[in-house]
Amino acid sequence: MVDARTLAVYGERAEDYARMVDSDRPDPDLAAFVAALPKGARVLDLGCGPARASSVMRAAGLVPDPVDASPEMVDLANRLFDIGARVASFDDIDAQEIYDGVYANFSLLHAPRSDLPRHLSAIARALKPLGHFHIGMKIGEGEDRDALGRAYTYYTVPELRGLLEDAGLLCTSEKLGQDKGLAGTTDPFVILRARKL
């Protein structure tokens, strides 16, 4: 289920969001994900936003499939990078073993708690055997909206690890940190990498 208020914020603030994530500094988490994949690997960039990560993947020799539920973000991604981004939501993941990797960097945190298990199962089905999965999520408990009105679901690290394992995804690395987002607050986060069993 796509939250209309969250989509509206991303539609209205697409340019601001693109400026926030634009950086000349390499993203070490993205670099580690890219390094784990062979040249020519097909990657679903789930909730791609302005598709900066997909542009890095393409430059590294991967074949990104960038998708986002926000038409404005998809338009911006294609204007910035001519990358073939398309409109799709988490509910549209229906592929069977076609991706070598799935990159969900702070996108699935907008999914309602009741929906995340089935989204993770769909991701696992879409991955080839031993395929790589990257997920970034904010740490916490419950569900809430930020100052901009975006819906968030928060997880503890053990809870998130358990959900990945239930979906058939084995965690291979964990990174904790905190960062300032579009709403201006500094929040704790976790980045997990996993492989399909």
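What you see is a predicted model, and the numbers here were worked out from it, not measured in a lab. We're numbering straight along the sequence, starting at 1.
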Under 3.5 Å: donor-acceptor pair, side chain of [X], backbone of [Y]:
| X | Y | value |
| --- | --- | --- |
| T172 | R193 | yes |
| D92 | S89 | yes |
| K39 | A60 | yes |
| K196 | A124 | yes |
| S55 | R52 | yes |

Would you call the rings of F189 and F106 parallel, tilted or perpendicular if under 30° counts as parallel and over 60° as perpendicular?
perpendicular

Quick one: sort the H110 and Y152 rings into parallel, tilted or perpendicular, breaks at 30° and 60°.
tilted

Atom pair CG/CG of D65 and D45 - distance to nearest 0.5 Å
8.5 Å

To the closest 0.5 Å, what do you measure between CG (D115) and CZ (F90)?
10.0 Å

Under a 4.0 Å threshold between the charged nitrogen and the carboxylate oxygen, would [Y] count as salt-bridged to [X]?
| X | Y | value |
| --- | --- | --- |
| R118 | D91 | yes |
| D187 | K138 | yes |
| D3 | R145 | yes |

Are a donor atom and an acceptor atom from the side chains of D68 and S70 found within less than 3.5 Å of each other?
no

Indicate the atoms forming the closest heavy-atom contact of R150 with A183, along with that distance.
NH2-N, 3.6 Å

Set of residues satisfying side chain to side chain contact (heavy atoms under 4.5 Å, CB included) with respect to L160, sequence neighbours excluded
L116, I135, M137, Y155, V190, L192

Side-chain hydrophobic cluster, 4.5 Å single linkage: members besides L170:
L197

